[in-house]
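In what follows, a single structure is set out as structure tokens and then discussed.
Numbers restart at 1 for each chain; the letters A, B, ... are given by sequence-line order, proteins then strands.
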2 protein chains.
Amino acid sequence: MGTTQLETVPEPKYWHLKTVLSEALDSEFSVGEILPNERELAARFGVARATLRQALEQLELEGRLQRRRGVGTTVAPPRVGVDVGTEQHAWPGAAGDAWQPVDCVQDVPPASVADVLGTGRDEPVHTVRRSRVSHGQPVAAELLYIPASSVPDLSAIDAPSGPARARAVLRELQRLELDGQERAVELGSARADDAKELDRLPGAPVLVVTTRFTAGDGIAALSVATYRADTCRLTFGDSAGVEIHHGPERQAS
Amino acid sequence: MGTTQLETVPEPKYWHLKTVLSEALDSEFSVGEILPNERELAARFGVARATLRQALEQLELEGRLQRRRGVGTTVAPPRVGVDVGTEQHAWPGAAGDAWQPVDCVQDVPPASVADVLGTGRDEPVHTVRRSRVSHGQPVAAELLYIPASSVPDLSAIDAPSGPARARAVLRELQRLELDGQERAVELGSARADDAKELDRLPGAPVLVVTTRFTAGDGIAALSVATYRADTCRLTFGDSAGVEIHHGPERQAS
DNA sequence: TAGTGGTCTAGACCACATC
DNA sequence: ATGTGGTCTAGACCACTAT
């Protein structure tokens with residue numbers, strides 16, 4: 001017959017569910033409001049719980065929902081813009097940066113890090129842990145790898161670890177002349193330690209921002225920062241306040 | 001009793017599985033190699049298929065695996081660095097940019113886009129579709145929204161749509177003086193049309209790069225580009241060639 | 001047509017937060 | 001103790017690719 005092939009595309013249930021839920025979030029729910037629990041939602045839509053969860057997972061990935069074990073599923077606020085500026089010509093730890101030193105140890109880094117730094121795979125480097133908070137919520141966890149050669153004069157510091165040592169190492173780093181920095185962003189999943197710091201479960205999606213700080217002949221420091229992908233929008237430049245969002249958004253009363 | 005709380009943390013099976021598989025990928029598989037199918041892998045590890053899939057999903061998210069329906073699961077090559085440069089002081093469509101015009105129509109944009117552009121929610125704008133290819137693979141799909149006021153002199157173009165019109169609109173855009181651009185990166189899931197262009201299933205994780213091009217008093221154009229999150233590492237500056245990776249990597253024979 | 005990954009079901013139990 | 005989301009199972013069927 002001459003009929004044109006009609007839409008033989010059976011849209012997956014979870015995909016359709018996601019659309020329906022998304023529209024409901026725009027029109028019937030406010031930020032912070034708690035949704036019915038998964039068992040009830042599944043029953044209400046006439047699907048298995050696993051199918052419902054597939055839709056919720058996507059909505060959480062898109063930053064529309066927030067799920068917490070033992071608590072429930074809530075409507076997430078719009079993603080917060082986090083500046084990861086393009087050309088702050090400053091070392092990590094410079095006055096006014098957004099990070100807070102947590103700890104510092106001397107340790108052998110992962111092989112991939114050692115390769116980038118150009119240090120030996122068995123050579124320990126200063127490893128500084130920092131965390132970044134925005135609007136009262138932890139948004140990122142960072143590991144900063146600094147070869148011993150970048151901060152040669154650490155004789156005055158006796159603390160073997162802790163935030164005090166972290167601050168001392170960062171202070172020493174400022175003495176070097178910074179040539180430039182190169183950034184890359186990719187998707188990853190949170191390691192157990194980062195997940196804990198970000199108040200998420202291990203494996204949660206994160207945006208991994210890798211920054212190589214160059215000075216003189218090589219890499220003087222390497223930062224690997226993991227941002228919560230569900231709550232963060234990384235901004236470059238001064239567009240931190242802008243909102244690219246989906247629809248109406250009200251505030252819970 | 002005085003015993004210290006011993007590790008009562010039962011690691012989820014899929015998490016452990018992921019670790020085991022990840023190590024196997026490093027040591028026993030080459031890039032491009034096909035893994036045993038899911039049913040066999042599940043049987044081999046003594047878990048349900050759904051559990052195995054949870055591990056595979058994470059590994060795919062991290063860019064370690066590539067799964068294609070009807071074909072199988074293969075070991076993915078390292079992510080390709082894609083430059084989304086910080087300060088190309090040029091309009092989209094300028095000579096030598098990485099994008100290829102696909103189509104152009106005049107259409108009413110999503111409300112969120114209209115709000116950013118400052119156009120009315122019912123006002124149609126030029127909507128240019130472009131695609132970006134790297135190493136023979138499609139890596140990104142873009143929608144470029146250009147208010148009619150940004151390209152006033154389109155009288156010479158009679159084609160109502162198609163790549164020819166796209167090129168014409170972009171050419172007109174070059175006449176404006178570009179003041180600056182502001183970028184943001186966030187996680188999203190591919191819409192059906194983008195998914196098709198990226199050769200993925202709808203809902204696949206993507207990195208959404210939003211760029212506002214400013215000229216004079218306001219936003220002269222808005223680009224929303226979706227990059228495959230599994231295969232791409234977005235680079236800023238000249239670090240496109242660098243590899244931050246996990247372990248040994250061999251080539252399939 | 002055979003084999004792959006993708007979707008879906010109807011259960012069960014577990015870890016966690018809260019009361 | 002209760003209720004939430006997180007994990008896991010053992011099936012079934014579907015959509016797609018290749019032969």
Tell me the interatomic distance from [X], atom [atom1], to [N], atom [atom2], rounded to whole angstroms.
X: A/Leu65; N: D/dG5; atom1: CG; atom2: C1'; value: 13 Å
X: A/Leu41; N: D/dT4; atom1: CG; atom2: P; value: 11 Å
X: A/Glu60; N: D/dG5; atom1: CD; atom2: C1'; value: 10 Å
X: A/Asp199; N: C/dC16; atom1: CG; atom2: P; value: 13 Å
X: B/Gln54; N: C/dC8; atom1: CD; atom2: P; value: 17 Å
X: A/Leu35; N: D/dG5; atom1: CG; atom2: P; value: 9 Å
X: A/Leu52; N: C/dT9; atom1: CG; atom2: P; value: 10 Å
X: A/Leu201; N: C/dC16; atom1: CG; atom2: C1'; value: 10 Å

Between [X] and [N], does any side-chain N or O lie under 4.0 Å from OP1 or OP2?
X: A/Arg53; N: D/dG6; value: yes
X: A/Arg67; N: D/dG6; value: yes
X: B/Thr73; N: C/dG5; value: yes
X: A/Asn37; N: D/dT4; value: yes
X: B/Thr51; N: D/dT7; value: no
X: A/Tyr14; N: C/dC8; value: no

- Donor/acceptor link under 3.5 angstrom from B/Arg49 side chain onto base of C/dG6: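 Answer is yes: a donor-acceptor pair is held.
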
- Query: Ignoring hydrogens and angles, does a donor from either the side chain of B/Arg39 or the base of C/dG5 sit under 3.5 Å from an acceptor on the other?
  - Reply: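 Between C/dG5 and B/Arg39, which were checked side chain against base, a qualifying N/O pair under 3.5 Å is present.
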
- Could you tell me how the ring of B/Phe236 sits relative to the ring of A/Phe236: parallel (under 30°), tilted (30 to 60°) or perpendicular (over 60°)?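 Ring orientation, 0 to 90° scale: parallel.
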
Quick check for you: among [options], whose closest atom lies nearest to any side-chain atom of [X]?
X: B/Pro12; options: D/dT7, D/dT9, D/dG6; answer: D/dT7
X: A/Val71; options: D/dT9, C/dT9, C/dA17; answer: C/dA17
X: A/Lys13; options: D/dG5, C/dC8, C/dG6; answer: C/dC8

- Message: Is it the case that the side chain of B/Asp107 and the backbone of B/Pro124 share a donor-acceptor pair, with hydrogens and angles ignored and the cut-off at 3.5 Å?
- Response: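 Side chain of B/Asp107 to backbone of B/Pro124: no pair is present.
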
- Message: Within this structure, what is the CZ-CG distance for the pair B/Arg44 and B/Leu52, rounded to the nearest 0.5 Å?
- Response: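 Taking CZ in B/Arg44 and CG in B/Leu52, the distance rounds to 11.0 Å.
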
- Charged N-O contact under 4.0 Å between B/Arg130 and B/Asp97: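 Yes, B/Arg130 and B/Asp97 are salt-bridged.
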
- Task: Would you mind telling me which residue lines up with the more 5' stretch of DNA chain C, B/Gly70 or A/Trp15, judged by nearest nucleotide?
- Result: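 That would be B/Gly70.
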
- Task: Report the residue (A/Ala50 or A/Arg69) whose heavy-atom-nearest nucleotide on DNA chain D is the more 5′ of the two.
- Result: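 Its nearest nucleotide lies further toward 5', so the answer is A/Arg69.
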
- Report which part of the nucleic acid B/Leu56 touches: base, sugar-phosphate, or nothing (heavy-atom distance under 4.0 Å, all strands).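 Result for B/Leu56 = nothing.
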
- Message: Just by distance, no angles: are the side chains of A/Ser22 and A/Arg64 close enough, under 3.5 Å, to form a donor-acceptor pair?
- Response: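 Yes, a side-chain donor-acceptor pair sits under 3.5 Å.
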
- Message: What I want to check is whether the side chains of B/Arg53 and B/Tyr14 have a donor and an acceptor closer together than 3.5 Å.
- Response: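 Judged by distance alone, the side chains do not pair up.
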
